[in-house]
A.B. asks: 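Sharing a structure here in structure tokens format.
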There are 2 protein chains.
Amino acid sequence: MNPDRQCMSDAIRDSLTSRIFDGTLKAGDRLVELEIAREFDTSQTPVREALRELESLRLVDSAPYRGTWVRGISDREMVEAYAVRGVLEQLAAELAAPRLKGDVAEIRESLSLIHESARVGDIEGYAKHNLDFHRGIVLASDNEVLIQSWDRLSFEARVRLHLRSQHEPRLIERAREHDEPVDALERGDGVTAGRLLRKHAESCKQRWLDRSLTTEVDESIPERQPVNASYLS
Amino acid sequence: MNPDRQCMSDAIRDSLTSRIFDGTLKAGDRLVELEIAREFDTSQTPVREALRELESLRLVDSAPYRGTWVRGISDREMVEAYAVRGVLEQLAAELAAPRLKGDVAEIRESLSLIHESARVGDIEGYAKHNLDFHRGIVLASDNEVLIQSWDRLSFEARVRLHLRSQHEPRLIERAREHDEPVDALERGDGVTAGRLLRKHAESCKQRWLDRSLTTEVDESIPERQPVNASYLS
DNA sequence: CACCTGTATATTATCGATAATGAGCCTGCG
DNA sequence: CGCAGGCTCATTATCGATAATATACAGGTG
């Protein structure tokens, strides 16, 4: 939100964020304030601030006097988020087209990285470049509110959290869905690009739906880890 | 976010929020932590938490060691927000239509209040019922992520902040723009309802643009109130 | 008089300690 | 054996005090 926060609470926030992203912290894991404070050799206060910020990013949940824990993301929520993402990117494309004036070099750059990752089967890379690609279009819209709204969907977190559970991703085929929208953008046809991007999001959503229906195993979100241990130890 | 926070920081947050909404706190006003703490007869800590939360709601801005102040909303941002709102409500209508199964009673209720307010020239009432109307459709989508995204646009704050500067609102004419989308929803045609709602948002956006171009007087956002006073007093 | 530099002050960021709360355990009763 | 009530403790929420920082002003310099 603000340019250059250099305070402790921000360092903690960033560190915890990457732990959630890289899977060190899993859904349901508890975040105990004093424990984290000890680890960062700081007091409880900045930790609390960091946790509250993570909460506003919807990465964690909390309840008064009951603590904070990593939020799980249900399949339903993923599906909902793809729907929202679809219309946001549709708008982004419409706004971006007249601004880009056909200069889609940067976007094509991401696109080729997507294809490359797909070719070699690099799921992590695919996810990363895919996000860059989509965010690139959103940024090109030059609509700050739109960018914020898109960022708030936290697709980075969403995707990463589920990365490990992805089977048979058919990356090469999926990568192709990005080609047509870029072509449309290049010729300045934002409306078409938008429509295609929305369709793309819909198909991602559909894939998720299918996956969640077939993989019916333990789709429940870990509510919250039980309290540490007995104090008898 | 969470059901029942009863702690001090939440009370402070709510109180400050309404002050921003009702104009007691204006764009650029500084929020000094210890000052607020004294007023609520509490310590600095819960005030800080409240301020951070307001920041995540984008009602205030802050910078490290420089404090917190009420955020101004530029005409440009309003225009951007209307564009985003348009596509979000388009999606909302599409999702809502099949769920409502023609039962638009609740929405019509808001609609008639809009018309009534327009008839008697009650700007405040119009704004309120207008928000109820739009949010009602968003809620009917039953897409939690969408609802969150819409709420994050903070149109309540946006509209209220600018309420005082509205001239010649042509309420009656504007109110009519809501009729057709509801008709479409009633007959289950979500796509049409969505298209109309988006068009409606576009026309709100356009009105704002026109207004901001004609009212060129002091459209600058108060950056930040100067520090209290000299310590010489 | 414009501009730079140093200093005082207001204010934020953080600390360590205390109060408040909820979760689990244990007991005794039915 | 199941369950309600009280107790213990881990943990959060808040406090009061201190460290760190930015801003305004004063004074000096060209």
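Numbers restart at 1 for each chain; the letters A, B, ... are given by sequence-line order, proteins then strands.
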A.B. asks: Of the options D/dT21, D/dA13, C/dT14, whose atoms approach the side-chain atoms of A/Met8 most closely?
C.D. replies: C/dT14
A.B. asks: B/Glu35 CD to C/dA10 P: how many Å, rounded?
C.D. replies: 12 Å
A.B. asks: When you get a sec, tell me which of D/dT14, C/dT12, C/dC15 is the closest nucleotide to the side chain of B/Val32?
C.D. replies: C/dT12
A.B. asks: Counting just side-chain N and O atoms, does B/Arg66 come under 4.0 Å of either OP1 or OP2 of D/dT23?
C.D. replies: yes
A.B. asks: Taking only residues two or more places apart in sequence, or in another chain, which ones meet A/Glu106 in a side chain to side chain donor-acceptor pair (under 3.5 Å)?
C.D. replies: none
A.B. asks: With a 4.0 Å limit, can you tell me whether A/Arg30 has a side-chain N or O closer than that to the phosphate oxygens OP1/OP2 of D/dT11?
C.D. replies: yes
A.B. asks: Inspect the contact between A/Arg198 and B/Glu94 and indicate whether a charged nitrogen and a carboxylate oxygen are less than 4.0 angstrom apart.
C.D. replies: yes
A.B. asks: So if I take every side-chain heavy atom of B/Ser43 and compare against D/dG16, C/dC15, D/dA22, which nucleotide ends up nearest?
C.D. replies: D/dG16
A.B. asks: What's the closest nucleotide to the A/Thr42 side chain, out of C/dT14, D/dA13, C/dT12?
C.D. replies: C/dT14
A.B. asks: What's the CH2-P distance between B/Trp69 and D/dA22, to the nearest Å?
C.D. replies: 13 Å
A.B. asks: Could you list the residues that satisfy salt bridge (Lys or Arg N to Asp or Glu O under 4.0 Å) with B/Arg38, not counting sequence neighbours?
C.D. replies: none
A.B. asks: Rounded to whole angstrom units, what separation is found between the CG atom of A/Leu51 and the C1' atom of C/dT14?
C.D. replies: 16 Å
A.B. asks: Grab the CD-P distance between A/Gln44 and C/dT14 for me, whole Å please.
C.D. replies: 14 Å
A.B. asks: Let me know the distance between CZ of A/Arg13 and P of C/dA13, rounded to the nearest Å.
C.D. replies: 13 Å
A.B. asks: Could you state the CG-C1' distance from B/Asp10 to D/dT12, rounded to the nearest angstrom?
C.D. replies: 14 Å
A.B. asks: Please give, in whole Å, the distance from C/dA13 C1' to A/Phe40 CZ?
C.D. replies: 17 Å
A.B. asks: Using side chain to side chain donor-acceptor pair (under 3.5 Å) as the criterion, list what pairs up with B/Asn130, not counting sequence neighbours.
C.D. replies: B/His134, B/His178
A.B. asks: Let's see if you can work this out: which of C/dA20, C/dA13, C/dT14 has an atom nearest to the side-chain heavy atoms of A/Thr45?
C.D. replies: C/dT14
A.B. asks: When the C1' atoms of the five terminal pairs at each end define the local axes, what inter-axis angle does the helix from C/dC1-D/dG30 to C/dG30-D/dC1 show, to 10 degrees?
C.D. replies: 20°
A.B. asks: Can you check whether A/Glu80's main-chain N or O pairs, donor with acceptor, with B/Asn143's side chain at less than 3.5 Å?
C.D. replies: yes
A.B. asks: How many whole angstroms separate atom CZ of A/Arg38 from atom C1' of C/dC15?
C.D. replies: 15 Å
A.B. asks: I'd like to check the side chain to side chain donor-acceptor pair (under 3.5 Å) partners of B/Glu109; sequence neighbours left out, ordered by chain and number.
C.D. replies: none
A.B. asks: Closer than 4.0 Å, any side-chain N/O of B/Arg48 to the OP1 or OP2 of C/dA13?
C.D. replies: yes
A.B. asks: So, using side chain to side chain donor-acceptor pair (under 3.5 Å) as the criterion, who are the partners of B/Ser203 when residues are at least two apart?
C.D. replies: B/Glu177
